[in-house]
Structures are given as C-alpha cells and as structure tokens.
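The structure appears right after this line, and notes come after that.
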Amino acid sequence: MEALSTIDLQSVGFVALVTFGAVSAVNFWRPQSSRTNFVLSVIFALGLGFVPADMGNMIANRIKDAIMVATGLNGAYQALSKIATRVGQ
C-alpha cells in the first residue's frame, strides 16, 4: 500500500492517457497481440514517466489546441468545398 501513496495522480493520468493513445495508434496501423500490447504499454509508460507533470500538462494543452484547430480547418474546408460544388453545378 505504500507504493500507492507515493503515486502522483496528475502525472499518472497524463502517462496513462498518452500510453493508451500510443498503443491504440500502433494497433490502428498494425494490429498486435495482447502480449505485444502489454509490452508496448510498459515501454511507452516507462518513457513517458520521465516527462514532468507540468510539461505533461503543457503537451496535453497543445494537443487539445491542435485538435481544435484541425477540426475548425476541416469544417471550413468541408463547408467551402460543398459551396464550391453547388456553385459549379
């Protein structure tokens, strides 16, 4: 139980989220077995464990901003392409 009391939940949340996303991305491109997914999770979590919590928050905020920008640009592109096809008809 001592090990659980020393865990920084803010850091673990970031590491868990990014580890899950990284393993999911690997599986998207090339499906892996459960054993391989576990090993990848350990490797990603170990590597991400060295990222300070403050930097993890900054990275998470940058990712959130990037997703918002990409969604906005994609929506604008879709809207303008539909308008362009209707004007061209």
Side-chain angles (χ1 to χ4, degrees):
M1 288 302 199
E2 271 185 46
L4 294 178
S5 65
T6 61
I7 293 177
D8 178 20
L9 291 179
Q10 185 178 14
S11 176
V12 169
F14 170 75
V15 170
L17 183 64
V18 175
T19 298
F20 181 77
V23 172
S24 296
V26 169
N27 278 302
F28 177 77
W29 295 110
R30 195 169 195 179
Q32 305 291 328
S33 68
S34 295
R35 177 177 275 166
T36 305
N37 285 339
F38 178 75
V39 171
L40 286 173
S41 294
V42 170
I43 292 169
F44 283 126
L46 180 64
L48 291 167
F50 291 106
V51 176
D54 292 339
M55 186 179 288
N57 287 337
M58 288 181 356
I59 292 170
N61 286 336
R62 298 290 182 214
I63 290 171
K64 179 184 72 170
D65 292 344
I67 290 172
M68 288 177 13
V69 167
T71 303
L73 286 175
N74 188 30
Y77 173 76
Q78 294 294 329
L80 291 175
S81 66
K82 288 183 181 184
I83 292 170
T85 57
R86 289 188 180 159
V87 169
Q89 289 179 349

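All heavy atoms count here, side chains included; hydrogens, waters and symmetry mates do not.
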### Query
Any idea which heavy atoms bring S41 and T19 closest together, and the distance?
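S41 and T19 have their closest heavy atoms at O-CG2, 3.5 Å.
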### Task
Search all heavy atoms of N27 against all heavy atoms of Q32 and return the closest pair with its distance.
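In this case the closest contact between N27 and Q32 is OD1-N, 2.8 Å.
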### Message
My understanding is that only one of V18, V23, V39 makes a side chain to side chain contact (heavy atoms under 4.5 Å, CB included) with F44; could you say which?
### Response
V23
### Straight-line distance of R86 CZ to I83 CD1, nearest 0.5 Å
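Rounded to the nearest 0.5 Å, the CZ-CD1 separation comes to 8.5 Å.
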